[in-house]
Trainee: 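My questions will all concern the structure given below.
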Amino acid sequence: MDLDDLEPKKKKAYELGQDLSKLSLGELAELVETLKAEIARVEGARGAKQASLSAADAAFKR
């Protein structure tokens with residue numbers, strides 16, 4: 001029995017600048033959704049950091 005068959009398949013990682021010609025239409029659509037979700041996550045983190053910075057600025061400007 002091959003133990004590799006028991007492990008879940010790893011998703012392919014996307015690398016910026018990757019050759020997109022090798023991806024199918026379905027893979028491209030999935031990549032777009034993945035990237036949109038990642039953008040939303042990054043923007044959320046940026047917003048939280050900005051809120052913390054603004055709160056600190058307000059507290060120390062007294």
Side-chain angles (χ1 to χ4, degrees):
M1 182 173 186
D2 190 5
L3 295 179
D4 290 337
D5 294 336
L6 299 176
E7 293 182 22
K9 300 284 184 193
K10 293 182 182 178
K11 282 196 158 198
K12 298 174 190 170
Y14 174 74
E15 186 176 320
L16 290 177
Q18 170 182 328
D19 180 10
L20 300 176
S21 67
K22 297 177 182 179
L23 300 177
S24 69
L25 284 174
E27 289 171 325
L28 288 170
E30 184 178 326
L31 177 58
V32 168
E33 293 307 311
T34 300
L35 292 173
K36 284 180 181 179
E38 183 64 6
I39 288 169
R41 187 180 76 86
V42 170
E43 287 177 340
R46 181 179 65 178
K49 286 186 181 266
Q50 183 61 54
S52 294
L53 180 61
S54 296
D57 284 345
F60 290 107
K61 283 189 178 180
R62 289 183 158 199

Trainee: Can you list the residues that meet the side chain to side chain contact (heavy atoms under 4.5 Å, CB included) rule with Leu31, with sequence neighbours excluded?
Mentor: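 Residues passing side chain to side chain contact (heavy atoms under 4.5 Å, CB included) with Leu31: Tyr14, Leu20, Leu23, Leu35.
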Trainee: Using a 4.5 Å cut-off between side-chain heavy atoms of Ile, Leu, Val, Met, Phe, Trp and Tyr, which other residues end up in the same hydrophobic cluster as Leu53?
Mentor: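 Answer for Leu53: none, a lone residue.
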Trainee: Start with the C-alpha distance between Thr34 and Glu38, add both sets of side-chain angles, then the distance that settles side chain to side chain contact (heavy atoms under 4.5 Å, CB included), and finish with yes or no.
Mentor: CA-CA 6 Å; Thr34 300; Glu38 183 64 6; 5.6 Å; no
Trainee: side-chain hydrogen bond (donor to acceptor under 3.5 Å, both in side chains) with Gln18: which residues, sequence neighbours excluded?
Mentor: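 In terms of side-chain hydrogen bond (donor to acceptor under 3.5 Å, both in side chains), with neighbours along the sequence ignored, Gln18 is linked to no residue.
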Trainee: Please collect all side-chain hydrogen bond (donor to acceptor under 3.5 Å, both in side chains) contacts where either partner lies in residues 42-53, sequence neighbours excluded, each pair once.
Mentor: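 Those involving residues 42-53 are Gln50-Ser54.
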Trainee: If you take all heavy atoms of Asp19 and Lys22, which pair is closest and at what distance?
Mentor: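 Closest heavy-atom pair between Asp19 and Lys22: OD2-CE, 3.5 Å.
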Trainee: Could you measure the distance from the CD atom of Glu30 to the CD atom of Glu27? Nearest 0.5 Å is fine.
Mentor: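 One gets 7.5 Å once the value is rounded to the nearest 0.5 Å.
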